[in-house]
Amino acid sequence: MNSPLPRWVDVALLPLLNVIIAFLIGGLIVLSVGQNPLRAVQVMLFGAFGYGTGFGYTLYYTTDFIFAGLAVSLAMHAGLFNIGAEGQAYVAGLGVILIALALNGLHWTLMFPLMIIAGALFGAGWAYIPGYLQAKRGSHIVITTILFNFIATSMMSFIIARFLKPPTVASDESAPIEMVSRVLKLNTFIPYFKTAPVNVTVFLAIGGLFAFYWLIWRTKFGYAVRALGHNQAAANYAGISNQKMIMLVMALSGAIVAMIAVNNVGGVHGRLIMNYVNGAGFVGIAVAFMGKGHPIGVGLSALLFGVLYQGGSELAFSMPGITREMIVTIQALVILFTGAMGDMLRTPLARLFSAATPSGGAR
Amino acid sequence: MDLIDIVNILAQTVRLATPLILACLAGLYSERAGIVDIGLEGKLLASAFTAATVAALTGSPWLALLAGIGGALLFSGVHGLASINFKGNQTISGVALNFLAAGLTTYLGTSWFKRGGFTPQLSADQRFGPLQLPFAAELRNVPIIGPIYSGLISGYSLITYFAILAVPITAWVLFRTRFGLRLRAVGENPKAIDTAGISVTLLRYQALIITAVLVGIGGAYLSIAAGAGFIPNMAAGRGYIALAALIFAKWKPWPALLVCLMFGFLDAVQLRLQGIKFPYIGEIPVQAIQVLPYILTVILLAGFIGRAVAPKAAGLPYTKER
Amino acid sequence: MEDSLNQNTEQRPDMAAASSLAIELIGINKHFGPVHANRDINLQIKRGTVHGIVGENGAGKSTLMSILYGFYTADSGEIRVNGAPHSITDSRHALALGIGMVHQHFMLVDNMTVLENVVLGAEDSPLLAPTYAKARQVLKRLADDYELEVDAEAVIEDLSVGQQQRVEILKALYRGAEVLILDEPTGVLTPAEADHLFRILRTLRDEGKTIILITHKLREIMAITDEVSVMRQGAMVKTLQTKDTSPGELAELMVGRRVLLRVEKGPANPGKVLLEVENLVVTDDFKVPRVKGVSFNVRAGEIVGIAGVAGNGQSELLESVSGMRDQLLGVVRLNGAPLSLEGDDGAARARAAGLAHVPEDRLREGLVTAFSEWENSILGYQDKYGKGLGLDIDLARKTADEYIKKFDIRPPSKDLKTANFSGGNQQKIVLAREMERNPDVLIVGQPTRGVDIGAIEFIHNQIIKMRDAGKAILLVSVELDEIRSLSDRILVIFDGKIVGEADPATADETELGLLMTGVHSATPTAAGAGTLKNNAGKGDA
């Protein structure tokens, strides 16, 4: 069980190798359809960083992915697999649009915290139910969160079409939030970003990374979460309530991913659009696994996926053979190699290192 | 509503249930052997894509069907590698494979066919079209029996008949054959299999192969029988519905058929009710019916209507421990 | 019951000496990582006998038999079956050689029928119908021949444990087993069921089958075996004719005449009752009662030791008293106040009421091995570190430094992952954490399990120090030596009940051993000596 791998191998080299494998296979797929993966990378990097609007888009995507990644990571630290981030973010959109439309016209500085609270409440509530069902009724959280994604989709499209959609609008979306109430875009004070959608929610995300570190490694709650995630029997021994923690962690996870709603509904779109989350919640799974649940890792992985998403749409223009679905493929490969097959290289690496240091590790 | 309407809705139910039945039985083999298969959705999608692609390239529905199975086998193989050999987390592997299918099919489809992810439209002889059973046309006008025979019993694609037939075959395999006995045992208590001197790994791979064959045919049904080509994300959650049906059926073949037909019926009714206004209630929201299978499964899982007990060893990699 | 057990059959015809060995093991060695589970084992088992193998938990009995059965492969050594050497590579191979095993934890598929379980892996053809037909006949014949009647169509989970065990025996016989290995077969049986099992075994032997019986219950050895081999710490100590030995001799061989570790301790000075356990009934994770009505109390300034063979309810008792496991019936009082076990955080309430707990299995319960040393030094007390939400890391690290110094934890690096400490030092981390909180009641399970000799003395002295500071200490250990040298009073637990109380100063080790192994017939002499009080003399079991 306890492989004698040095710590840096465990926390850095192994995940890095897994990510590299995922990207190599992705590259092979690109190559297999007759495209040049290196040129694709070049185009992507330029699209993501090369100019203001592109970089702004990258940051906008990164913002969503940080929230989703942190939400999945929090559950992961408690030993829970939250596949429901997508649905939780979607339902949180309802909270955000309800408060925003109710107080439409309120200056954004006042609206912003209100939207955060309303979104968090809705996201937390939606995530709490699977948590409750697992803690009290023993239903498996993976299955229930998947089911809740579908239930969220149906419920939300019904609510949007039936109650939120103004008669004058053709597409399935709510009435717009007034510009003054929307979360401020960065381009209003940083012209460099031009038309990019990135708004001040990005600071919330960056702050979230620090807050996450504090929560997990600097609070009693975080201590309990990690104890539970590593060793349930020891948590029981330590008087940590398994049931209470599951419900609390799931609710908090939903509240974190709800910030996607603030970024999009309250900011970028300024309205609640049908299926607006568009997979960001699922990207969170890849981000969390790749980042190993640590804010530094999550931040970097979220940025990587931000680059992939923004650079990917750029690619779609300049290299018509490569679509954004390639990114979903990469995302899948990352989950596969860092999540499901994360220990694939552990044994060979352990053999390599024990051969290199005949005296053995620190024992 | 007259007999013809009822027959039409029921026939539509069977058509909509076909991929569910195949995927559900596929999941049954896998989970009975102790391998959780969240990845049914991805396998449906992957096999729908490979089938449609080969149909478009060769024009042969039979080769296409084989390709569908091949696509599912590839995904099953990766799942087996992750969950049997590397003893990884089966849920994560399944989730990854679902994304992989979603990304890869659209990406490759777009690159190969340049139609925004769609494969070329298939002609009738490139697909598994509806079969007319003998005398279906002649009997059509006989009262009662006529519409039932020609509308409800005749007129499905070969794959639908296979799907229905797969149910008794599965029940027979599971409870009357040596393989079935071992399959059920390995999902409940792999140690019992190991101490009896049978390879757990081999048995589980055999189960995964059957899973792939069934779900592969189910995926092919979507693109070369029900549809006439591949459409991005055409599985549309059917893999998850099949998973829900499997839980609902408590991992048993006959109940699986019933639950899949019930979910298919809900789907058929939902299509039928669109736009119809009822007195007092008004229009029944389609979403309410769409969501019903999921809600029912949640309630079941929470133990409010009976208990769904999964095969005991499902999801656990087998390691000979001290 | 005693009568039926003691009919030792002497009238069987003797087998020819040359071909009389069913099994011969020569120089068997097996390692699990650093653990040397079997050392150079030699063993001869005669055909048509019941051969007992006794030893304490962890003596290597089960490992040895698993090697014979092909579940594990030996690192070195030879196995001879009927005089011919075989390298048994898997269970199927062992079965083909006529070796069957009834595992301690049954290898049955719970939701399948008896018939299905019996034929699993031994089907004749791809279709089951012919196999089932044949199996039904064979089962009927076996039932008639050996008193092994079980309803073939019954589902396993509906059967009693005794019946399930019969299915395991039927499985082996159906496969043509000539040698039958039974691993602790009576551990889960009621006395009546055990009786039935022995009748079956005797019949099997009389029909020429060879039985290998692994057990730690000497009563069973005396009652049913022809020969007995004793194992200790992975090695084979001795093989004896059952009729020429006595439970006393076997108990000594099993435990070994280890030098009593000297523990300096003065007389106890018991004060008021701090821990009271009243009529406690506790079930395990499978809802099987493991503690079956236990009452006792522990006073300030005394160590009460619970002696017993592992698996007789000690673990569940400790977990219940410390708030980790719900009690079915009964009360636990700490300082006079009953401990509420509602919800799943009872351990926190027990700690708040002044209890500290060194769990039996430090790796499973006492430590989060992925945590660093300092993080584990506050496990269970995390809420005391810092006000509000924040965790006072500086204070926790300072605490860790103190503990490292006071308990000489090595290496003295509080940031090292706990998994990387040795067993003794891991135990010290737990002990320091639990002892330094100034608790009123200290519960200690297996304080020195897997701990190197050097640390044992230190740990023992710490426990005595706690006693002398006026703490009430409840000690559970499978090491009888440890119980005897530390305790001021000894309670013997067997099958979930306290079956006797003893004064460690005068108790005789052999007699304690007999009590622990459920041999009640030994109690008259004990009562005569006046040092052992038998609480469970009435009734059976």
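Chain letters run A, B, ... following the sequence lines, proteins first, then strands; residues in each count from 1.
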Note to self: So C:Glu319 and C:Val282, do their side chains get closer than 4.5 Å, heavy atoms only?
What the structure shows: no

Margin query: Need one label for C:Ile393: side chain, backbone, both or neither, based on atoms under 4.5 Å from any heavy atom in chain A.
Written below: side chain

Note to self: Under 4.5 Å from any heavy atom of chain A, what part of C:Leu367 do you find: side chain, backbone, both or neither?
What the structure shows: backbone

Next item on the list: For each of C:Asp361, C:Leu389, C:Leu391, C:Asp383, tally heavy-atom pairs with chain A at distances under 4.5 Å, and name the one with the top tally.
Entry: C:Leu391

Next item on the list: Examine distances only and state if a side-chain atom of C:Gln382 and a backbone atom of C:Gly380 form a donor-acceptor pair shorter than 3.5 Å.
Entry: yes

Check: Checking heavy atoms, do the side chain of C:Arg351, its backbone, both or neither come under 4.5 Å from chain A?
Finding: side chain

Item checked: Quiz item: cation-pi between C:Arg433 and C:Tyr381, 6.0 Å / 45° -> no

Note to self: Less than 4.0 angstrom from a charged side-chain N to a carboxylate O is my criterion; do C:Glu434 and C:Lys471 meet it?
What the structure shows: no

Checklist line | Output field: ring centroids A:Phe289/A:Phe81 closer than 6.0 Å | finding: yes

Next item on the list: Heavy atoms only, distances under 4.5 angstrom: which of A:Asn231, A:Asn242, A:Thr219 has the most pairs with chain C? Name it, please.
Entry: A:Thr219

